[in-house]
Amino acid sequence: MADSLPEGIELTALDEAFRRDPYKILKRLREVAPVYGDDQLTRVICTRHDDVKNLLRDKDFFTDPRKANPGTFHREFLARGDDEPTMLMMDEPDHRRLRSLVTKPFTPAAVESWRPRIRSVIQRILGEIKTSEFDLIEHYAGPIPAVVIAEMLGIDPQMHAQFKHWSSLAVKVSFNPFASEKELQQGQEAVASLDTFFLAEIESRRKSPGGDLISDMIRAEEAGEKLTAEEIVGQCNLLLIAGNVTTSDLIGNSIKALLDNPLQLAKLRQSPELINNTVEEVLRFDSPVTNSGRIANRDFELDGCPIIKGQSLMTSLAAANRDPAVYPDPDKFDIEREDTHHQSFGGGRHLCLGAHLARLEAQEAILALLEKYPNLAHSDKGYEYAAVPTFRGLSYFWVSS
Ligand code: HEM
């Protein structure tokens with residue numbers, strides 16, 4: 001039976017069937033082989049909610065790909081040669097040090113203080129939409145997070161479009177084992193351009209600091225530790241890569257789920273106070289990040305399957321979020337669901353740093369759009385999911401007002 005299960009590329013958004021409906025394929029995997037050896041990409045895929053939850057929170061597991069066994073998914077596709085990994089792929093104690101130095105601007109209270117500025121960014125972007133039919137991704141969901149993070153970093157507004165472009169190119173290759181030579185080259189060039197740009201920004205902030213995140217990082221001092229210029233550049237890149245496409249996808253996936261489910265949309269229009277629960281339900285129902293991972297630090301057994309030290313473990317967030325053992329009627333999108341807890345921001349030490357920011361942007365973006373367009377609907381021009389492994393979002397999504 002397990003022989004006929006999909007593997008490798010068939011379990012990524014590069015495959016058309018998976019892109020169209022990953023949940024159907026992941027359901028089968030969870031039912032037939034919840035701990036599944038994907039031999040093509042040399043990784044073990046875990047699809048049960050409780051396994052995913054526990055693996056992500058195991059303090060002893062690694063995320064530094066250099067610690068994975070040779071030939072495994074982590075070692076082959078996530079390591080960047082001898083380069084230092086980003087925080088996401090860093091282990092203790094380096095991870096703790098770096099995270100503690102950048103965590104302040106992302107606490108719920110700090111993010112909340114940005115709400116008025118985020119609202120005004122959203123209104124500005126909304127005001128630029130002049131046609132009755134438009135691509136929601138290109139004209140709305142795409143620009144919002146890029147402009148917000150650029151404003152938080154104190155970047156000149158004239159650079160915002162360039163930013164979005166660079167970060168999209170970098171994301172396209174960062175978790176993609178099948179990236180073409182051309183995509184790899186474009187991704188590397190984009191990262192190099194961002195590095196040069198940020199180094200210049202740091203220099204200028206050292207001379208005249210402001211109230212932005214780059215100045216905060218220069219000032220950050222925790223237990224006598226400081227961030228080096230290279231670490232600040234790495235952190236800026238990570239914020240762009242981790243925060244842009246994901247948040248755009250959350251906004252796009254939210255509007256799609258609502259338009260696909262008119263009763264839920266009507267409920268939200270009638271009771272906008274359901275917005276927070278709506279965003280949590282979208283995160284559960286159609287997570288912008290489909291998987292995360294860990295590296296086993298020891299030999300052990302998971303649901304009767306042997307896992308060896310150094311093995312690449314892929315935690316399927318998308319599968320965990322639809323596990324019927326935890327969520328009644330998991331394929332139903334229900335903005336009044338009582339328990340919307342989900343695995344979409346990962347967990348444990350690497351729990352998404354930008355979770356509060358992403359939530360706030362999505363809440364504000366959805367409400368502002370619905371308020372401006374009381375008759376928002378799917379357009380005949382349709383939509384398409386992007387062929388980018390690890391991420392789930394729309395590459396275009398035409399709507400009419
Ligand atoms: C809906 C939007 C987002 C989703 C679904 C998402 C999801 C995730 C996931 C799954 C992880 C890995 C967690 C783990 O393995 O345990 C992560 C880590 C991270 N995310 Fe997000 N993210 C989003 C938005 C953002 C934003 C807006 C930012 C910042 C501006 C951000 C910054 C980060 C950082 C820095 C990490 C690494 C944290 C660490 O290693 O300690 N993310 N995110």
Side-chain angles (χ1 to χ4, degrees), residues 46 52-59 61-65 74 78 85-107 110-111 114 118 141 144-153 163 167 171 174-175 213-214 216-217 231-232 234-254 279-295 313-318 320-321 342-366 390-393:
C46 305
V52 167
K53 188 174 169 205
N54 295 335
L55 290 171
L56 289 171
R57 285 158 185 77
D58 190 309
K59 290 192 170 59
F61 288 158
F62 306 124
T63 59
D64 184 341
H74 268 86
L78 301 182
T86 63
M87 189 162 90
L88 182 61
M89 307 274 167
M90 215 178 245
D91 291 324
E92 305 311 326
D94 297 348
H95 170 263
R96 190 180 307 119
R97 170 182 164 268
L98 202 55
R99 185 154 171 143
S100 71
L101 284 164
V102 294
T103 205
K104 251 188 218 150
F106 294 99
T107 59
V111 168
W114 276 84
I118 291 174
I144 291 171
V147 173
V148 168
I149 197 72
E151 287 214 351
M152 290 179 86
L153 291 168
F163 244 38
S167 63
V171 161
S174 52
F175 294 95
L213 284 190
I214 294 182
D216 279 355
M217 286 193 261
E231 284 172 333
I232 298 176
Q235 204 52 38
C236 291
N237 278 326
L238 179 59
L239 295 181
L240 280 185
I241 290 170
N244 266 353
V245 175
T246 48
T247 311
S248 297
D249 288 347
L250 178 58
I251 298 168
N253 294 0
S254 299
V279 170
E280 296 313 302
E281 174 66 344
V282 175
L283 282 160
R284 182 199 70 80
F285 180 76
D286 206 13
S287 174
V289 177
T290 52
N291 41 271
S292 191
R294 297 290 186 263
I295 299 156
L313 301 168
M314 194 199 99
T315 46
S316 174
L317 312 175
N321 287 340
H342 52 73
Q343 300 302 313
S344 303
F345 289 126
R349 287 200 170 104
H350 295 274
L351 178 71
C352 176
L353 188 67
H356 303 298
L357 180 63
R359 285 181 164 121
L360 194 153
E361 287 182 50
Q363 292 159 5
E364 293 291 332
I366 297 165
T390 302
F391 298 96
R392 176 156 172 85

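We count ligands from 1, going down the list as the structure has it; atoms in each ligand are counted the same way.
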Test of understanding: given a 4.0 Å heavy-atom threshold, classify the contact between [X] and ligand 1 as side chain, backbone, both, or neither.
X: Thr63; value: neither
X: Arg99; value: side chain
X: Ile149; value: side chain
X: Met90; value: neither

Worksheet item: Which of the atoms of ligand 1 are close to Leu317, meaning less than 4.0 Å from one of its heavy atoms?
Response: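 What qualifies from ligand 1 is 10 (C).
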Worksheet item: Taking only residues two or more places apart in sequence, or in another chain, which ones meet Asp286 in a salt bridge (Lys or Arg N to Asp or Glu O under 4.0 Å)?
Response: Arg392
Worksheet item: Can you name the residues that form a salt bridge (Lys or Arg N to Asp or Glu O under 4.0 Å) with Arg57, not counting sequence neighbours?
Response: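 Listed in chain order: nothing, the list is empty.
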Can you tell me if [X] has a non-hydrogen atom under 4.0 Å from ligand 1?
X: Ser287; answer: no
X: Ser344; answer: yes
X: Arg349; answer: yes

Worksheet, complete the sentence: Tested for side chain to side chain contact (heavy atoms under 4.5 Å, CB included) against Leu56, the lone hit among Leu317, Leu351, Leu313 is Leu317
Worksheet entry | Which residues share a ring pair (Phe, Tyr, Trp, His ring centres under 6.0 Å) with Phe106, sequence neighbours left out |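 None.
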Worksheet item: Any sub-3.5 Å donor-acceptor pair from Ser100's side-chain atoms to Arg97's backbone N or O?
Response: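 Answer holds: yes.
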Worksheet item: How many protein N, O or S atoms sit closer than 2.8 Å to atom 21 (Fe) of ligand 1?
Response: 1
Discussion item. Considering His350, His342, Met89, Arg359 one by one, which has a heavy atom nearer to atom 40 (O) of ligand 1 than any of the others?
Written reply: His350
